[in-house]
Peer 1: 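So that we are looking at the same thing, I have put the structure below in structure tokens.
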2 protein chains.
Amino acid sequence: MPMALGTDYELQDCTLARALEVVGERWSLLILRDAFYGVQRFNDFLTHLGIPRAVLTARLNALVAAGVLRKEPYQQTPLRHGYLLTDAGLELWGPLYQLSRWGSRHATEAGPYHLFAHAACGTDLDLVGACPTCGGAPVRPAEIVMRPNPARTGSRREDAVSLALVRPHPLLEPIASAAAPA
Amino acid sequence: MPMALGTDYELQDCTLARALEVVGERWSLLILRDAFYGVQRFNDFLTHLGIPRAVLTARLNALVAAGVLRKEPYQQTPLRHGYLLTDAGLELWGPLYQLSRWGSRHATEAGPYHLFAHAACGTDLDLVGACPTCGGAPVRPAEIVMRPNPARTGSRREDAVSLALVRPHPLLEPIASAAAPA
DNA sequence: GAGGAAGGTTCATTCACCAGACCTGCGATC
DNA sequence: GATCGCAGGTCTGGTGAATGAACCTTCCTC
């Protein structure tokens with residue numbers, strides 16, 4: 001609930017409220033989830049999320065202003081840029097992963113849509129996002145590989161991003177949005 | 001974004017979207033935060049959050065319907081009930097704590113408003129909510145004591161809940177809403 | 001039987017979300 | 001050299017939700 005009037009929690013003595021001012025608005029966390037999946041371009045966010053264009057514009061600008069995303073040119077002519085996670089944005093992986101895990105336990109019957117493993121050893125992450133085999137702190141996003149849950153059949157989405165994610169995919173690696181597999 | 005029309009993310013192949021349908025609406029996570037702090041009564045939520053009454057009614061009902069909160073009578077005549085966390089609700093502590101920690105690192109300059117320690121040993125929790133001294137999994141909410149951050153002066157709120165939280169307080173322990181300290 | 005507390009409901013207004021149409025470079029096509 | 005298409009937007013009108021304030025009900029106390 002950032003920027004716009006009436007959407008802040010300024011009277012709360014709580015850093016949770018501060019965090020929600022940045023990422024608490026509708027769509028914001030889903031946009032960031034996509035950014036972790038490797039989505040970078042406006043149109044890929046648009047088709048994968050099914051979000052109204054004007055709302056996507058507003059959210060991306062707000063997240064850039066909040067220092068969670070940054071704009072990075074990927075071609076010069078015509079000038080085009082993608083949206084990438086900043087260091088602060090990368091640190092949102094923990095809460096995002098935990099919330100997703102909570103959702104798979106309590107807000108759906110059929111379990112998770114995607115599974116997340118430590119790239120170095122292939123072990124699925126535990127509930128705080130650490131590697132049970134290698135131990136230690138939670139695994140950083142760049143060292144995580146996601147794959148579809150084989151027990152979850154029938155992904156009904158047909159957009160470029162969803163199609164790219166049917167194969168195992170390292171987090172943060174750009175989605176090949178123009179690739180049309182034969 | 002639960003219940004009402006236009007507020008769901010049903011097309012998302014993602015358990016994060018499922019979780020956000022339950023707790024993603026404005027105010028929902030702040031209500032749950034208060035529930036962890038020991039707030040149970042309608043009027044305590046109301047004065048501590050500064051939320052419109054109608055919205056509080058809607059959110060509490062939605063959270064009860066989602067199985068995150070439950071209504072528990074605390075007196076019979078007249079019948080009054082409080083709102084308590086269910087088991088599913090208690091498991092939201094992880095994401096909530098991590099999001100709050102992120103907020104204290106990136107969304108505020110002066111650091112956290114509250115500190116959280118393992119009740120058994122007094123050690124402050126680490127970034128995933130585990131006890132650095134005792135090790136192991138994240139500490140459960142019932143074994144956590146919160147206290148104000150001494151470096152954060154000037155809490156501007158004067159409601160019963162804020163006043164109760166100036167002293168160290170175990171999570172989930174009911175706030176004494178009627179106690180007026182001399 | 002007046003006043004007050006707890007937990008709501010009802011109301012008008014404001015605001016944000018939504019879907020869709022439109023606009024602006026720029027490059028490739030015909 | 002007009003048209004097509006793509007990427008990344010902006011603009012607009014309609015709708016639903018949030019907001020703040022007032023009101024209601026039940027019970028208790030004085």
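Order of the sequence lines sets the chain letters (A, B, ...), proteins ahead of strands, with each chain counted from 1.
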Peer 1: So, under a plain 3.5 Å distance rule, would you say the side chain of A:Arg53 forms a donor-acceptor pair with the base of D:dG8?
Peer 2: yes

Peer 1: Counting just side-chain N and O atoms, does B:Trp27 come under 4.0 Å of either OP1 or OP2 of D:dT19?
Peer 2: yes

Peer 1: Rounded to whole angstroms, how far apart are CG on A:Leu46 and C1' on D:dT10?
Peer 2: 14 Å

Peer 1: So that I can tick it off, tell me whether B:Arg147 and B:Asp124 are bridged by a salt bridge, with the cut-off set at under 4.0 angstrom between side-chain N and carboxylate O.
Peer 2: yes

Peer 1: Check every atom of D:dA18, C:dG7, C:dC17 against the side chain of B:Tyr74 and return the nucleotide holding the closest atom.
Peer 2: C:dG7

Peer 1: Has A:Tyr83 got a side-chain N or O lying under 4.0 Å from the OP1 or OP2 atom of D:dG9?
Peer 2: yes

Peer 1: Would you kindly give the CG-to-P distance between B:Leu79 and C:dG8, to the nearest whole Å?
Peer 2: 10 Å

Peer 1: Whole-Å distance between D:dG8 P and A:Lys71 NZ?
Peer 2: 10 Å

Peer 1: Just how far, in rounded Å, is P of D:dC6 from NE2 of A:His81?
Peer 2: 20 Å

Peer 1: Do A:Thr108 and A:Arg152 pass the side-chain hydrogen bond (donor to acceptor under 3.5 Å, both in side chains) test, and can you show the C-alpha distance, the side-chain angles, and the key distance before you say yes or no?
Peer 2: CA-CA 12 Å; A:Thr108 180; A:Arg152 269 271 194 188; 2.7 Å; yes

Peer 1: Please report the distance, rounded to the nearest Å, between CG in A:Leu56 and P in C:dC17.
Peer 2: 12 Å

Peer 1: I'd like to know if A:Asp87 pairs up with A:Arg70 as an ion pair, taking the criterion as any Lys NZ or Arg NE/NH1/NH2 lying under 4.0 Å from an Asp or Glu carboxylate oxygen.
Peer 2: no

Peer 1: So which nucleotide from D:dA18, C:dC17, C:dG27 ends up closest to the side chain of A:Glu25?
Peer 2: C:dC17

Peer 1: Is any side-chain nitrogen or oxygen of A:Thr57 closer than 4.0 Å to OP1 or OP2 of D:dT10?
Peer 2: yes

Peer 1: Looking at the base of D:dG8, is there any donor atom on it, or on the side chain of A:Arg41, that sits under 3.5 Å from an acceptor on the other one?
Peer 2: no

Peer 1: Rounded to whole Å, how long is the line connecting atom CZ of A:Arg80 with atom C1' of C:dG25?
Peer 2: 7 Å

Peer 1: Over how many whole Å does the gap from B:Gln40 atom CD to C:dG7 atom P extend?
Peer 2: 11 Å

Peer 1: State whether a side-chain donor-acceptor pair under 3.5 Å links A:Arg33 with A:Tyr37.
Peer 2: no

Peer 1: To the nearest Å, give me how far apart CZ (B:Phe42) and C1' (C:dG7) are.
Peer 2: 6 Å

Peer 1: Please compare B:Pro52 and A:Asn43 by the position of their nearest nucleotide in DNA chain D and report the one closer to 5'.
Peer 2: A:Asn43

Peer 1: Assert yes or no for the condition that the ring centre distance of A:Trp93 to A:Phe116 is strictly below 6.0 Å.
Peer 2: yes

